[in-house]
Amino acid sequence: MSAFKRKRGGQAPLSKKAKKAKFVADGGESPDEIKQEKTDEITVPAPVSMGKWTNKERVLIFSSRGINFRTRHLMQDLRTIMPHAKADTKMDRKDKLFVINEVCEMKNCNKCLFFEAKKKQDLYMWIANSPHGPSAKFLVQNVHTLAELKMTGNCLKGSRPLLSFDPKFDKEPHYALLKELFTQTFATPRYHPKSQPFVDHVFTFTIAENRIWFRNYQIMEEDASLVEIGPRFVLNLIKIFQGSFGGPTLYENPGFQSPNMHRRGLRLAAAARVREKQMVKELQKMKRADAKEDVSGDITADVFLTPADEKPLHIQTEAPDGSTTAMIQCRLQKM
């Protein structure tokens with residue numbers, strides 16, 4: 001077979017079009033075999049990496065000020081596994097969220113992942129289709145990064161992932177909207193300049209306990225088994241808006257509880273436990289006091305006492321006469 005000119009390292013040929021290769025006969029073959037081999041041709045397809053890039057999805061991943069180190073590493077991990085992502089500087093918390101649409105326009109991005117930190121302990125994530133919407137706001141929980149997990153799985157940097165969704169995404173309308181939003185955001189476009197023409201890992205979105213669980217797995221070549229790579233996090237849906245970072249509310253999660261209310265409930269429960277312990281201690285003190293009073297009195301002391309007959313009371317209503325008074329004075333003088 002005729003040899004093509006290739007780049008260094010055995011990469012794809014220089015030409016983008018498909019080429020035809022012909023068999024060349026050796027000197028020891030018969031003329032009939034030579035004619036037959038000349039008619040046989042093999043079509044070499046065009047290289048995958050040289051295709052036309054039509055899906056121009058670009059995702060802007062950045063955050064507000066006040067995030068912790070775990071959120072910063074999570075953002076870096078997402079940029080690593082998403083070759084079509086772009087970064088930007090942190091946004092000031094005083095700015096309105098509508099400014100993000102202008103930032104996306106300047107960065108030439110039509111999708112946005114914005115991490116918003118509050119009180120340096122609560123993390124919220126916005127997934128928006130800029131600038132027309134829709135957008136969704138989530139509370140991010142149980143964040144574990146690549147460096148923290150130390151998983152055994154590994155995948156090629158820049159490879160395109162498969163997206164696996166729970167069957168529940170097709171049963172309810174708000175989950176169907178989120179499925180389309182996740183697909184357009186996390187799926188790497190085909191023929192992207194920074195992507196590799198390989199599919200060796202899977203993004204899974206599972207619904208459990210009214211939350212969306214994100215996992216990243218590697219596809220093993222030997223037996224097609226899955227090995228987790230990371231990162232991993234849990235999304236608790238808050239609201240879905242019609243516009244980008246605002247607008248009319250399309251869906252609101254009725255079972256969502258804000259972190260402030262959750263912490264308040266924990267504090268009230270702890271205070272109730274303390275009050276209950278104090279009440280138990282007071283009851284124990286009262287029981288001990290009653291027991292001491294009972295022991296101090298002798299139960300057998302009143303066994304041999306016989307009650308005496310009650311004598312009628314004599315009340316003197318008249319004053320004593322003079323003789324009686326003189327007798328009393330004499331007796332007092334003798335004493």
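Computed from a predicted structure; not experimentally measured.
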- [ ] Only one of L74, V143, L149 passes side-chain contact (heavy atoms from CB on, under 4.5 Å) with P231; say which it is.
- [x] L74
Within-4.5 Å side-chain heavy-atom neighbours: [X] and [Y]:
X: I219; Y: Y217; result: no
X: R58; Y: N108; result: yes
X: I100; Y: C112; result: yes
X: L113; Y: M125; result: yes
X: F115; Y: I61; result: yes
X: K111; Y: N129; result: yes
X: E148; Y: R70; result: yes
X: W213; Y: D166; result: no

Does any N or O in the side chain of [X] come within less than 3.5 Å of the main-chain N or O of [Y], such that one atom is a donor and the other an acceptor?
X: D77; Y: T145; value: no
X: R232; Y: H144; value: no
X: K86; Y: K107; value: yes
X: S225; Y: M220; value: no

Open item on the list: As a test of understanding, state which of F165, F138, F205 forms a ring pair (Phe, Tyr, Trp, His ring centres under 6.0 Å) with F214.
Closed with: F205
Open item on the list: Looking at Y124, I'd like to know if the NZ or CZ of K137 sits under 6.0 Å from its six-membered ring centre while staying within 45 degrees of the ring's axis.
Closed with: yes
Got a sec: does the [atom1] of [X] have more than 12 other heavy atoms crowding it under 6.0 Å?
X: D95; atom1: CG; answer: yes
X: E105; atom1: CD; answer: no
X: R263; atom1: CZ; answer: yes
X: Q284; atom1: CD; answer: yes

Task: Parallel, tilted or perpendicular: ring planes of H174 versus Y251, cut at 30 and 60 degrees - done: parallel
TODO: Report the relative orientation of the aromatic rings in Y175 and F169; use parallel for angles under 30°, tilted for 30 to 60°, perpendicular for over 60°.
DONE: perpendicular
Open item on the list: Checking E282 against Q278: is there a side-chain donor and acceptor pair closer than 3.5 Å?
Closed with: no
- [ ] Please check if any side-chain donor atom of N68 sits under 3.5 Å from a side-chain acceptor atom of T71, or the reverse.
- [x] yes
Verify same cluster id: [X], [Y] (apolar side-chain graph, 4.5 Å):
X: L156; Y: V202; result: no
X: L237; Y: L123; result: yes
X: I238; Y: L250; result: no

